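On a predicted model such as this, the values are computed, not experimentally measured, just so you know.
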Amino acid sequence: VQLQASGGGLVQAGGSLRLSCAASGRTVSNYAMGWFRQAPGKEREFVASINWSGLNTYYADSVKGQGRFTISKDNAKNTVYLQMNSLKPEDTAAYYCAAGNYGSNLKQYAYWGQGTLVTVSS
């Protein structure tokens, strides 16, 4: 499966962005999907995951509060989304989508898209 992430950009603190991850080659309904991020000089970290049916989601503690981030998938469009609200400067990173098994470990995901850069200014 090939994954194409988009939607990154520059936003002020407190603003919102929606990232999209379009899949081709295989349907996302066959996979759990995840979003990860990597800030400069830091390791890639888990952000959110959604299972194959879309009925279960899991978030990193850093994005879970007050519904800041929401992961969703549209199987008909073969696309996964990450709605990001109340953005903070510490959310600045390259964001990657991935397909694989449900969970927070990078090793659970076999397919990765290219990153889309999110920059949050203070």
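- Put simply, the side chain of Asp91 reaches to within 4.5 Å of the side chain of Arg68, judged on heavy atoms.
- The two residues Val47 and Leu82 come nearest to each other via the heavy atoms CG1-CD2, 4.2 Å.
- When every heavy atom of Ala5 is checked against every heavy atom of Thr116, the shortest pair comes out as CB-CG2, 4.1 Å.
- Both the sub-6.0 Å distance and the 45° axial angle are not jointly satisfied by Arg44 relative to the ring of Phe36.
- Hydrophobic clustering (side-chain heavy atoms under 4.5 Å, transitive across Ile, Leu, Val, Met, Phe, Trp, Tyr) groups Tyr96 together with Tyr58.
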TODO: Decide yes or no on side-chain contact (heavy atoms from CB on, under 4.5 Å) for Arg37 and Val63, but give the supporting numbers first.
DONE: CA-CA 12 Å; Arg37 66 187 182 186; Val63 305; 4.0 Å; yes
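- Taking 4.5 Å as the limit, every side-chain heavy atom of Ser20 sits out of range of all side-chain heavy atoms of Lys77.
- In this structure, CG in Leu117 is found 9.0 Å from CG in Leu10, a value given to the nearest 0.5 Å.
- Val120 and Tyr59 fall within a single hydrophobic cluster, where Ile, Leu, Val, Met, Phe, Trp and Tyr are joined by side-chain heavy atoms under 4.5 Å apart, directly or via other members.
- Follow the hydrophobic side-chain contacts under 4.5 Å out from Val118 and you never reach Trp112; the two are in separate clusters.
- Ala99 pairs by the side-chain contact (heavy atoms from CB on, under 4.5 Å) definition with Val1, Leu3, Tyr31, Met33, Tyr111, not counting sequence neighbours.
- Hydrophobic clustering keeps Tyr102 apart from Tyr81 (ILVMFWY residues linked when any side-chain heavy atoms are closer than 4.5 Å, directly or through intermediates).
- Distance check: Ser49 OG to Asn105 CG gives 11.0 Å after rounding to the nearest 0.5 Å.
- From Ser29, atom OG reaches atom CG of Asp74 across 11.0 Å, with rounding to the nearest 0.5 Å.
- A donor-acceptor pair under 3.5 Å is absent between the side-chain atoms of Asn75 and the main chain of Asn78, judged by distance alone.
- A distance of 9.5 Å separates CD of Gln12 from OG of Ser122, quoted to the nearest 0.5 Å.
- Formation of a donor-acceptor pair under 3.5 Å by the Lys73 side chain with backbone atoms of Trp52 is found in this model.
- Contact check for Trp35 versus Met84: no side-chain heavy atoms found under the 4.5 Å cut-off.
- One distance of note links CG of Leu19 with CZ of Phe69; it measures 8.0 Å at 0.5 Å rounding.
- Residues Asp61 and Lys64 are paired through a salt bridge, judged by an N-O separation under 4.0 Å between the basic side chain and the carboxylate.
- By the criterion of side-chain heavy atoms lying less than 4.5 angstrom apart, applied directly or through intervening Ile, Leu, Val, Met, Phe, Trp or Tyr residues, Leu17 is grouped together with Ile50 in one hydrophobic cluster.
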